[in-house]
Amino acid sequence: MRNITAKSEDFSKWYPEIIRKAALADYAPIKGMMVIRPYGYAIWEYIQAHLDRRIKSSGHENAYFPLFVPESLLQKETAHLEGFSPEVAWVTQGGADELEERLAVRPTSEAIIGHMYSKWIKSYRDLPVLINQWANIVRWEKVTRPFLRTTEFLWQEGHTAHETQEGAQEETLKILALYKEFSETELAVPVLSGEKTEKEKFAGAQMTYCIEGLMSDGKALQMGTSHDLGQNFAQVFNIRFEDREQTLQYAWQTSWGVSTRLVGAVVMCHGDDSGLKLPPRVAPVQVVIVPISVGDWKETVLPVARQLEVSLKQAGIRVKLDAREEFTPGWKFSDWEMRGVPLRLEVGPRDVKNNQALSARRDTREKQPLSLENIADPVLKLLDDIQNNLLQSARKFQKENTHVVGDYAEFKTVLEEKKGFLKTFWCGSAECENQIKEETMATIRVVLMEEDRDSGDGGCICCGKGSQEQVYFARAY
RNA sequence: CGGGGCGUAGCGCAGCCUGGUAGCGCACAGCGUUCGGGACGCUGGGGUCGUGGGUUCGAAUCCCACCGCCCCGACCA
């Protein structure tokens with residue numbers, strides 16, 4: 001008896017189903033909006049905690065800006081406005097009164113933050129400004145999917161201002177590297193990193209960098225972006241300061257963000273036919289203890305299980321004892337596997353007699369008895385192994401699904417038959433980029449930065465013109 | 001936003017064609033027996049049939065509009 005659709009059979013049915021069955025989120029009664037349930041929100045909270053620590057230790061501080069952006073501010077940066085206007089939600093009324101000026105529900109906060117920075121930044125001594133905010137934003141998207149693209153989503157957005165162009169560039173790349181390290185260490189999701197093309201870059205940015213993950217259906221997912229804004233926003237918001245030579249300069253800015261989409265990435269990258277597989281570092285429950293309820297188990301087994309729970313808790317492990325009487329052990333095994341708990345410990349009469357617990361890994365399904373003496377040590381070791389193994393498996397998958405292609409016919413065949421990332425050369429023209437997208441639905445996910453490129457050049461996959469621009473194409477979410 | 005599919009109990013569905021007492025499985029509640037990989041028996045509760053309008057003596061069923069979900073495209077964290 002199976003109660004979830006197998007991932008291998010129908011990925012696009014599996015995904016929303018597992019989101020709901022595992023109680024990560026549920027549809028709200030508003031188009032494109034979801035309720036993040038406690039189990040899903042806990043994952044987000046661990047993501048936040050791990051990322052917030054990195055953001056702060058790299059010198060940034062958290063602050064909070066308003067939800068609403070006056071239309072006049074949003075309009076200042078033309079490219080920015082054009083990029084976002086199709087998906088902005090507007091507030092036109094307050095109570096019974098029509099507003100004199102429409103208020104945008106922030107689709108991102110560059111505008112209102114730019115406005116504030118112009119008041120705060122007067123001297124080179126005020127720089128750099130390194131601020132991050134955790135917030136919700138609204139984008140009126142036409143097609144939505146839980147976590148991957150919702151009308152409202154939660155994210156962090158960093159907004160920094162610098163004295164020099166180099167300062168801003170350095171910040172942009174520093175965050176890009178931080179995101180990559182974060183994704184791989186905490187989410188066990190390996191990512192490519194590089195530049196976006198002109199077509200794909202952030203509205204109003206000078207250059208956009210991103211990290212891209214490969215989901216297990218062979219489609220790419222943009223997991224984070226870091227933008228070098230140059231002086232675009234500083235010029236229209238008048239963020240000027242007196243530099244060391246006493247001349248007036250516009251500030252150099254960056255912005256960068258990751259969102260609740262990352263929860264979707266974890267689900268899609270690691271899940272299998274039995275459900276979720278959560279990396280221990282973001283798993284709300286790292287270890288579940290299932291007592292085997294036979295005979296006088298409440299007197300014999302349960303006290304041992306409780307003691308086990310206490311000792312794991314003391315070691316800082318997120319542990320749950322599932323002592324519910326209305327379910328059989330077998331049912332609990334399947335349920336917690338579906339919910340992605342990395343490690344299960346079974347405690348039954350046999351284990352009590354042998355002073356042990358039987359461990360079962362979610363990732364490999366390996367079972368191994370562990371002595372109850374100092375059990376936290378091997379449990380921590382196992383959680384570490386699982387975290388590591390998830391990353392290695394995902395890396396292996398990414399490698400196996402990355403194909404170097406040289407000509408367009410091969411490009412199309414590989415894309416159709418194997419999916420995944422296609423590594424190739426591109427001449428840099430929007431014409432070729434558009435043509436490929438039109439014909440194959442594949443987009444350039446990243447343009448490799450110089451230091452990541454293979455030496456030498458190749459012909460553009462589309463027009464054949466010689467080029468050093470090495471890129472990864474994929475179909476994407 | 002275009003093309004297609006779907007919306008009936010928490011979930012999965014039948015009933016609709018041919019209008020006339022709203023059903024099945026799982027889940028849920030109670031009791032009992034079970035429990036080392038999704039247990040079983042008995043009893044029971046739960047429905048504005050997505051929403052609004054129309055046709056009709058009578059609408060889950062026929063007609064219209066809207067909303068939502070899924071898939072495939074056009075646009076995006």
Side-chain angles (χ1 to χ4, degrees), chain A residues 1-5 10-17 20-21 23 26-34 83-88 107-108 135-157 179 196 199-203 208 210-213 220-227 255-265 274-275 290-298 301 323-338 344-353 357-358 360 365 367 369 434 437-438 440-441 443 475-477:
Chain A
M1 182 178 68
R2 174 194 288 148
N3 57 16
I4 58 165
T5 301
D10 190 345
F11 189 89
S12 50
K13 200 168 167 195
W14 174 86
Y15 178 75
E17 199 173 301
R20 299 182 74 191
K21 288 258 162 69
D26 201 357
Y27 292 110
I30 308 120
K31 180 179 164 53
M33 296 188 130
M34 64 171 178
F84 281 103
S85 66
E87 48 191 64
V88 170
T108 179
N136 60 335
I137 67 176
V138 167
R139 295 183 189 175
W140 220 261
E141 300 284 357
K142 290 174 178 161
V143 178
T144 57
R145 306 192 90 185
F147 290 109
L148 300 184
R149 179 170 299 108
T150 46
T151 302
E152 178 188 13
F153 59 93
L154 307 182
W155 77 346
Q156 60 69 217
E157 46 180 328
Y179 280 162
K196 280 295 188 199
K199 176 182 161 75
E200 303 266 336
K201 80 174 190 192
F202 177 75
T208 289
C210 69
I211 55 170
E212 292 273 334
L221 182 73
Q222 180 170 307
M223 292 174 59
T225 46
S226 181
H227 315 292
S255 71
W256 30 273
V258 303
S259 72
T260 35
R261 172 178 274 191
L262 293 182
V263 177
S274 306
V290 178
I292 306 303
S293 39
V294 285
D296 58 353
W297 70 283
K298 278 196 225 174
V301 170
R324 291 176 294 177
E325 292 180 49
E326 62 270 34
F327 298 109
T328 61
W331 189 90
K332 291 176 185 174
F333 296 169
S334 303
D335 193 50
W336 290 112
E337 273 167 17
M338 188 265 289
R344 177 178 75 239
L345 292 176
E346 301 171 25
V347 182
R350 287 207 296 268
D351 303 299
V352 171
K353 194 159 56 181
L358 186 62
R365 296 181 188 268
K367 290 192 176 187
N434 287 330
K437 182 172 183 186
E438 217 163 279
T440 67
M441 284 150 38
T443 50
R475 289 185 182 150
Y477 276 97

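Here is how names work: the chains are called A, B, and so on, in the same order as the sequence lines, proteins then strands, and each is numbered from 1. FYI, side chains are in, hydrogens and waters are out, and symmetry mates aren't considered; it's all heavy atoms of this structure. From a predicted model like this one, the values you see are computed outputs, not experimental measurements.
Of the side-chain N and O atoms in A:Ser12, one or more sit less than 4.0 angstrom from OP1 or OP2 of B:rC71. Within the 4.0 Å cut-off from OP1 or OP2 of B:rG36, not a single side-chain nitrogen or oxygen of A:Arg344 is found. In terms of phosphate contacts, A:Lys31 brings a side-chain nitrogen or oxygen within less than 4.0 Å of OP1 or OP2 of B:rC69. OP1 or OP2 of B:rC70 lies within a sub-4.0 Å distance of a side-chain N or O belonging to A:Tyr27. Taking only side-chain nitrogens and oxygens, A:Ser334 never comes nearer than 4.0 Å to OP1 or OP2 of B:rG37.
The separation between A:Glu212 atom CD and B:rA77 atom P is 10 Å, rounded to whole Å. Between the CG atom of A:Asn434 and the C1' atom of B:rG73 there is a distance of 16 Å, given to the nearest Å. B:rC70 atom P lies 14 Å from atom CZ of A:Phe11, rounded to whole Å. One interatomic measurement links the two molecules: CD of A:Glu17 to P of B:rC71, which rounds to 12 Å at whole-angstrom precision. Rounding to whole angstrom units, CH2 of residue A:Trp331 and P of B:rG38 are separated by 13 Å.
Across all strands shown, B:rC75 has no partner, as no Watson-Crick or G-U wobble contact with both distances under 3.5 Å is found. Of the nucleotides present, B:rG50 is the one that pairs with B:rC66 by Watson-Crick or G-U wobble criteria, both distances under 3.5 Å. Under the Watson-Crick or G-U wobble criterion, with both distances below 3.5 Å, B:rG20 is paired with B:rC57. Look at B:rU34: it lacks any Watson-Crick or wobble partner with both distances under 3.5 angstrom. Under the Watson-Crick and G-U wobble criteria, each requiring two contacts below 3.5 Å, nucleotide B:rC28 is paired to B:rG44.
Listed candidates were B:rG37, B:rA77, B:rG36. Nearest to the side chain of A:Thr150 is B:rA77. In the set B:rC28, B:rG36, B:rA77, the nucleotide with an atom closest to the side chain of A:Glu141 is B:rA77.
Of the two residues near RNA chain B, A:Lys437 and A:Arg20, the one whose nearest nucleotide lies more 5' is A:Arg20. Remark on RNA chain B: of its neighbouring residues A:Gly224 and A:Val347, the 5'-side contact belongs to A:Val347, judged by nearest-heavy-atom nucleotide.
When every heavy atom of A:Ala265 is checked against every heavy atom of A:Met223, the shortest pair comes out as CB-CE, 3.8 Å.
Under a 3.5 Å cut-off, the side chain of A:Tyr15 and the backbone N or O of A:Pro146 do form a donor-acceptor pair.
When side chains are defined from C-beta on, A:Glu325 counts as touching A:Lys298, because their heavy atoms get closer than 4.5 Å.
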